[in-house]
Number of protein chains: 2
Amino acid sequence: MKLSTSGLPQQGQHEGGEKKCLNSELWHACAGPLVSLPSAGTRVVYFPQGHSEQVAATTSREVDGHIPNYPSLPPQLICQLHNVTMHADVETDEVYAQMTLQPLTPQEQKDTFLPMELGVPSKQPSNYFCKTLTASDTSTHGGFSVPRRAAEKVFPPLDFSQQPPAQELIARDLHDVEWKFRHIFRGQPKRHLLTTGWSVFFSAKRLVAGDSVLFIWNEKNQLLLGIRRANRPQTVMPSSVLSSDSMHIGLLAAAAHAAATNSCFTVFYNPRL
Amino acid sequence: MKLSTSGLPQQGQHEGGEKKCLNSELWHACAGPLVSLPSAGTRVVYFPQGHSEQVAATTSREVDGHIPNYPSLPPQLICQLHNVTMHADVETDEVYAQMTLQPLTPQEQKDTFLPMELGVPSKQPSNYFCKTLTASDTSTHGGFSVPRRAAEKVFPPLDFSQQPPAQELIARDLHDVEWKFRHIFRGQPKRHLLTTGWSVFFSAKRLVAGDSVLFIWNEKNQLLLGIRRANRPQTVMPSSVLSSDSMHIGLLAAAAHAAATNSCFTVFYNPRL
DNA sequence: CTGTAGGCGAACAGCCGACAA
DNA sequence: TTGTCGGCTGTTCGCCTACAG
């Protein structure tokens, strides 16, 4: 059994025909400063029971108690992390990560040198701002009011010889979709606004007052655009496929099977806890 | 182990705080004439592998081959069907059924008399019509054109002494939500139309041309309203919780565990195959 | 500095019959 | 019989400034 095919964080596409890797700095910005991802090639500890309880919380269903015991499954698995890919839900833009884990035998844990990941918090990009949407921002009556410092820091400078100064902004979201906005500096007192294009964006993303938007100006002079939804206690899962019992069993059984055969298994990590 | 607590089709609420039982005739009308549900208290055959492949099709992901074998799990399980409940997805109105199954031991299969369900196709309601939406129906330019025979059969009769004849219709969907429509008979040549209220409905349900709507006039003189979406090859599952491998394992392991311990397990049946 | 509201022109929604398939 | 269209309002959208917190 070979262990480390590559220590490099390989972020290629996976699972036939899916997206290329998402923009990493935008993903981390949407996930927030407290969320960190271990690197591929390192060693991580996986807690099947804890993960199962997390999933239980999102499905908001009781476990009926029909879950079999997996006596061979230890409460924590030392694994090698083979692969980490960043994803975002197509519908909600919710960020999550997919990891390929391989349990290590006690012998391998001794033999193999693999750095233990400590979960360094990801550094947030420097040229970015995040604003929580007001009632006016999400009303159909007008546009989006950009805080002054934010506009000056992350938007390209306006040509103030025009009256009023205005430009078109193009920003890409996590799915690489382009959104165009008219950025104008006007009013009395003067202010930065996003007008045309703003309502298309916030209605497409179904943003409401209390949600946040986030603009990044990166080193490649690209404007990136992400969202963070307010903590609504929703997350009612699509229950129409698998019972919550089967989901819990699946989680535990997959880990147990991988531990027993030292083979890889896949988990999804949802940073919102 | 007691087997038949009750032979009656018990359709109460389940899983704390969820909906009461849905309207059965509307559920079957939305599912279509070819879909039948076995009754609670009867004996059914469950095919874990076949079910797993169905789920695989909806998740549109390849099985990586890391699925463990369950040698103790026979390809088909003779089960007693303890409970059947009808459901509809809150977001899409997609209908599905939840079943509680209990595998029978060979001995029980001999001892217990339970009628074998043959899957009688459900009879469709008599006073109903189903129309596939045209481009005009789903345009913002106008309302919904009701086929003449359909309107005369399932809508309350209009008062033709009025000019033009018109009334307000109130119809309930699978979630018991009320929708109001203005039903008018006008134009040259005369026709039945749903005007005010129609666009609210079809945009809320996100219906497009090619989808179908379905009205039922039942014995209690209630107007019921359902939808059947066109077969869009979508059904990309929310992958952000459980890997497809874990889902398959969960399905098989839950059945295997139930078979080994003769305990109940829960499956979801999605009629769209 | 920025959230909300009034003013107002333009765009769209949505009701109508005409026409034709 | 019914799908689509042009004609025609009434409503909403959305850009602007004024004002206040």
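Heavy atoms only: backbone and side chains are in, while hydrogens, waters and symmetry mates are out. Chain identifiers are assigned alphabetically (A, B, ...) following the order of the sequence lines, protein sequences preceding nucleic acid strands; residue numbering begins at 1 within each chain.
- For the pair A/Q188 CD and C/dT4 P, the computed distance is 20 Å after rounding to whole Å.
- The base of D/dG3 has none of its N or O atoms less than 3.5 Å from a complementary donor or acceptor on the side chain of B/H141.
- Within 4.0 Å of A/T140, counting heavy atoms only, lies at least one base atom of the nucleic acid.
- In this entry the distance linking CZ of A/F201 with P of D/dC13 reads 19 Å, nearest Å.
- Rounded to an integer number of Å, the gap from NZ of B/K190 to P of D/dG3 is 18 Å.
- Considering A/V200, A/I170, A/T196, A/L169 in turn, A/I170 is the only one that fulfils the side-chain contact (heavy atoms from CB on, under 4.5 Å) rule with A/K180.
- A sub-4.0 Å separation between OP1 or OP2 of C/dG14 and a side-chain N or O of B/S199 is present.
- In this structure, the CZ atom of A/F185 is 8 Å from the P atom of C/dC1, given to the nearest Å.
- Annotation: B/F215 is in aromatic contact with B/F155 [ring centroid separation under 6.0 Å].
- For the atom pair OG1 (A/T195) and NE2 (A/H183), the distance works out to 9.5 Å, reported to the nearest 0.5 Å.
- Within the 4.0 Å cut-off from OP1 or OP2 of C/dG3, at least one side-chain nitrogen or oxygen of A/S145 is found.
- The side chain of A/R148 sits closest to C/dC1 out of D/dT2, C/dC1, D/dC15.
- Checking the phosphate oxygens (OP1, OP2) of C/dC15, a side-chain nitrogen or oxygen of B/T196 falls inside 4.0 Å.
- Between A/F201 and A/F181, the ring center distance clears the sub-6.0 Å criterion.
- Rounding to whole angstrom units, CD of residue B/Q163 and P of C/dC16 are separated by 12 Å.
- Which of D/dG3, C/dC16, D/dT2 sits closest to the side chain of B/T134 comes down to D/dG3.
- One N or O donor and one acceptor, one from the side chain of A/R191 and one from the base of C/dG3, sit under 3.5 Å apart.
- Here the P atom of nucleotide D/dC13 and the CG atom of A/L194 are 19 Å apart, to the nearest Å.
- Contact between the side-chain N/O atoms of B/T195 and the OP1/OP2 oxygens of C/dG14 is not found at any separation under 4.0 Å.
- The phosphate of C/dT2 has neither OP1 nor OP2 within less than 4.0 Å of any side-chain N or O from A/S136.
- Considering only side-chain N and O atoms, B/K131 lies nowhere under 4.0 angstrom from the phosphate OP1 or OP2 of D/dT1.
- Look at A/K205 and A/D93 and you find a salt bridge, because one of the NZ, NE, NH1 or NH2 atoms lies within 4.0 Å of a carboxylate O, short of that distance.
- Between the CG atom of A/D137 and the C1' atom of C/dA5 there is a distance of 15 Å, given to the nearest Å.
- In this structure, A/F144 places its CZ atom 12 Å from C1' of C/dT2, rounding to the nearest Å.
- OP1 or OP2 of D/dT17 has at least one side-chain nitrogen or oxygen of A/R186 nearer than 4.0 Å.
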